[in-house]
Amino acid sequence: MPQGNTKIFSIAVIPGDGIGREVVPATVSVLKQLGERFGIRFTFVELDWGSDYYFQHGRMMPADALDILRASDAILLGAIGHPKIQDNITLNGLLLPIRRAFDQFVNVRPAILYPGVQSPLAGVKSGEIDMVVVRENTEGEYAQVGGFVHHFDAKEVAVQTSVFTRTGVERVIRYAFELAVKRNGQKRVASITKSNAQAYGMVLWDRVFEEIKTQYPQVQTESLLVDAATVHFLKRPQTFDVIVASNLFGDILSDLSAAITGSIGLAPSANLDPLRRFPSMFEPVHGSAPDIAGQGKANPLATFLSAAMMLEHLEQAEAAKALDGAVRRLLQEGRVRTPDLGGSNSTQEVTEAILKAVSLQ
């Protein structure tokens, strides 16, 4: 925590798997540069957890991992996932325990069509899409309630139960409205539901949304079935501002929002405890991308933007603005970009361009 006039932050760094091991070191170098410029001292505690750790120890992180993380001000995560390990093992072995233990009940995923970046959608111009998906992050469809009967038998039955609590639903919806009020956007909140098929959990979701929206008369609202939302994301993405969705729906729609804004390599995210009782976690959305890992092709900008969100959360607004601005200018200029954006530059070359930008501002 900051002490006296010196801003000191302990950052737990989990590079993880695949391209996480490329984009996270790049981000640490950028944060160090920003620290020198803005008088911020970072202590980086690197934690070699993930799939390699699993191959050695049979688990994704050590038994005391949460205690280790608890001492940090924030967590910077690269990516988790390996082709030889089932995703449910990697997810439940590292990511979900952190989100739950630290009650990171809001997942924030901005999607911006930056100037200089082309959308795959015809007729959509740079700057016309600026939305953020607010995803419930600790319960819902990812609550991991259920089990197997007659496991591995021909008569096997799997039961998967979604869990929606009034507390969980209310706090994430209220966060979405508060965010809409603060943003320089359209002051709109779209709620994503499927209450025509899920007659309990999503009906509670709808009811709470209707109650809360009356407390924010300055915010326009709409409620969309998730299947209709996918269509409207493609047909009228310019009309969306803040989207609030359950764990599963938010996960899917945020990937779609990244695709229509040019590249998942530009998609940052924050797993937040808005009450600041525990460390929050910041990560790119793109995953471990084993197909390009180790080739120097990974786009580090999503991780840089995640770091900017981390700086904002740590109340280092000037440093956050500098990093976000550097990324925006790099994209607008279009001279240096990785293959996912139609360029031929390496991860290192993009990193060097950002390092130069944040030191010269």
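Excluded from the calculations below are hydrogen atoms, water molecules and symmetry mates; all remaining heavy atoms, backbone and side chain alike, are included. Along the sequence shown, residues carry numbers from 1.
Under the 3.5 Å distance criterion, the side-chain polar atoms of Asn271 are left unmatched by any main-chain donor or acceptor of Asn107.
Listed by first and then second residue, the ring pair (Phe, Tyr, Trp, His ring centres under 6.0 Å) pairs that reach into residues 122-163 are Phe148-His151, sequence neighbours excluded. Each salt bridge (charged side-chain N to carboxylate O under 4.0 Å, His left out) pair with one or both residues in residues 221-231, not counting sequence neighbours, appears once here: Arg188-Glu222, Lys194-Asp227, Glu222-Arg236. Applying the salt bridge (charged side-chain N to carboxylate O under 4.0 Å, His left out) test to every pair with at least one member in residues 245-263, sequence neighbours left out, gives these pairs: Arg109-Asp251, Arg109-Asp255, Arg135-Asp251. The stretch residues 248-272 participates, sequence neighbours left out, in no ring pair (Phe, Tyr, Trp, His ring centres under 6.0 Å) pair at all. The salt bridge (charged side-chain N to carboxylate O under 4.0 Å, His left out) contacts involving residues 277-301 comprise Arg99-Glu283, Asp103-Arg277, Asp273-Arg277, where partners must be two or more places apart or lie in separate chains. Applying the ring pair (Phe, Tyr, Trp, His ring centres under 6.0 Å) test to pairs two or more places apart or on separate chains, those with a residue in residues 292-325 are Phe282-His313.
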Which side-chain N or O atoms in residues 113-125 pair as donor and acceptor under 3.5 Å with protein atoms at least two apart or in another chain?
residue: Ser119; atom: OG; partner: Leu121; partner atom: N; Å: 3.0
residue: Ser119; atom: OG; partner: Ile260; partner atom: O; Å: 2.6

List, one per line, each side-chain donor-acceptor pair under 3.5 Å for residues 76-92, sequence neighbours excluded.
residue: His82; atom: ND1; partner: Lys84; partner atom: N; Å: 3.0
residue: Thr90; atom: OG1; partner: Asp87; partner atom: O; Å: 2.9
residue: Asn92; atom: ND2; partner: Asn88; partner atom: O; Å: 2.8

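For Ala259, there are no side-chain contact (heavy atoms from CB on, under 4.5 Å) partners at least two apart in sequence or on another chain. With sequence neighbours excluded, no residue forms a salt bridge (charged side-chain N to carboxylate O under 4.0 Å, His left out) with Glu46. Checked against salt bridge (charged side-chain N to carboxylate O under 4.0 Å, His left out), Glu210 has the following partners two or more places apart in sequence or in another chain: Lys213. With sequence neighbours left out, Arg174 forms a salt bridge (charged side-chain N to carboxylate O under 4.0 Å, His left out) with Glu170.
Inspection of the Trp205 and Ser191 side chains reveals an N or O donor paired with an N or O acceptor under 3.5 Å. In this model, a donor atom of one side chain and an acceptor atom of the other lie less than 3.5 Å apart for Thr138 and Glu136.
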